[in-house]
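We count ligands from 1, going down the list as the structure has it; atoms in each ligand are counted the same way.
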Amino acid sequence: MSQRKYLTFGSPQIMQEEKDLVMECLNSSWLGTGPRVAEFEKSFAHFKGVETALAVNSCTAALHISLIVANINPGDEVITSPLTFCATVNSIIHAGGIPVLADIDPVTFNIDPNQVINKITSKTKALIPVHFAGRPCEMDPLMEIAKKYDLKVIEDCAHAVEAEYKGKKIGTFGDFGCFSFYSTKNVVCGEGGMILSKKNEDHSRLKVLSLHGMSKDAWNRFGSDGFKHYQVTECGFKYNMMDIQAAIGIPQLQRLEKNWLRRGEIWDRYMNELQELPIKLPSKNDENTKHGLHLFTVRVNEKRSGISRDGFLDALHSKGIGCGVHYLSIPEHPYYQQKFKWHPDMWPNARDVGREVVSLPISPKLVDEDVDDVITAVRSIFNFK
Ligand SMILES: *Cc1c(COP(=O)(O)O)cnc(C)c1O
């Protein structure tokens, strides 16, 4: 194990199919938004059982324009989880809204519907549930709350491409479902995102907003049926996906189930072979749901585990294993403390989880020997053979 190569956390699995498709794209000289993006959108929509999907260049972009189409105006409040990536909260701020955090359930790490109810005011306009680690949020109570208080729902599905709740695909509950194809996610384009929207008119507006606010996209403009003028109908953004990105994503989508099964094997090995250690493993999955298995997070509590979380991270690093922290709770960061007067103690469940979590490697690229090494390394920290 001493001369093993460093195991980089979240290292993407890139196969020959991706390389071939990217080369084909480069050789075609069509690099921008074109036929591969259209194919990627179609495959994604098909996988989700919906009519259309819009590819963009990140999940952050997806969240931003979804909030705009959800009609978030200055002063409107948007409720989300304190245990998420900063992009969830930043997108609310960029759209002009005021982020409001509702604490998580310490068992599921997902937003607690009862805490959401406590945060609702006359200014609340939308809710962003984050399906943490790929575990579906409790969509029944959340959608009930949204209906009762007339809130738009924008699902942050960055971890949850494969996830399902009671047989229904994640991202199809809310008005919008936003996905990420960043390099560490379950489907990888390098950078990339996708938006599902319930209403066709929302899809059309998202499409316009994602490309400068232009009424016809560049593909139509420069297609074989001659020059077409475009009109700018609103002040949009540069959020479109490139064909090169889609060329990486298309084969990834075809391997979705295979990769999910592989991560399931790794997940089960961690559950079995780390169970007697003084760390907390992920809690049992809810029945009637499919977990996206994006992150395998353990909790290291200094009192119970005899080592601090950061000590654990350092120890694994020195053994050649790269890990992640998902996430320090949002109010730990100075920007939000200064801007909103937030303090981590205001959301104690997210604070405690954020200070104790470590994500172990679970990329489908890991071979059995890599998984052996992770298990041996973690066990040795606690003096287990
Ligand atoms: C990765 C991530 C995002 C942002 O995705 P990008 O595609 O990198 O913009 C948003 N929310 C969560 C929960 C994420 O993990």
Would you tabulate the side-chain donor-acceptor contacts of residues 342-349 under 3.5 Å, counting partners in other chains and residues two or more places apart, or write 'none'?
from, atom 1, to, atom 2, distance (Å)
His343, ND1, Asp345, N, 3.0
Asp345, OD1, Arg351, NH1, 2.9
Trp347, NE1, Leu101, O, 2.8
Asn349, ND2, Ile104, O, 2.9

Report the residues that fulfil side chain to side chain donor-acceptor pair (under 3.5 Å) with His317, sequence neighbours left out, ordered by chain and then residue number.
-> Tyr6
Take Phe44 and Phe181 through the test ring-ring contact (aromatic ring centres under 6.0 Å, His included) and record every step on the way to the result.
-> CA-CA 12 Å; Phe44 195 85; Phe181 309 126; 5.8 Å; yes
Side-chain contact test, heavy atoms from C-beta onward, threshold under 4.5 Å: evaluate it for Val188 versus Glu18 and give yes or no.
-> no
Please identify each residue that fulfils side chain to side chain donor-acceptor pair (under 3.5 Å) with Arg379, with sequence neighbours left out.
-> Glu276
What about the rings of His326 and Phe9, do their centers lie closer together than 6.0 Å?
-> yes
Check: every ligand 1 N/O to protein N/O pair under 3.5 Å:
from, atom 1, to, atom 2, distance (Å)
ligand 1, 5 (O), Ser180, OG, 3.3
ligand 1, 7 (O), Cys59, N, 2.9
ligand 1, 7 (O), Ser180, OG, 2.7
ligand 1, 9 (O), Cys59, N, 3.3
ligand 1, 9 (O), Thr60, N, 2.9
ligand 1, 9 (O), Thr60, OG1, 2.5
ligand 1, 11 (N), Asp156, OD1, 3.3
ligand 1, 11 (N), Asp156, OD2, 2.8
ligand 1, 15 (O), His159, NE2, 2.8
ligand 1, 15 (O), Lys185, NZ, 3.1
ligand 1, 15 (O), Tyr327, OH, 2.9

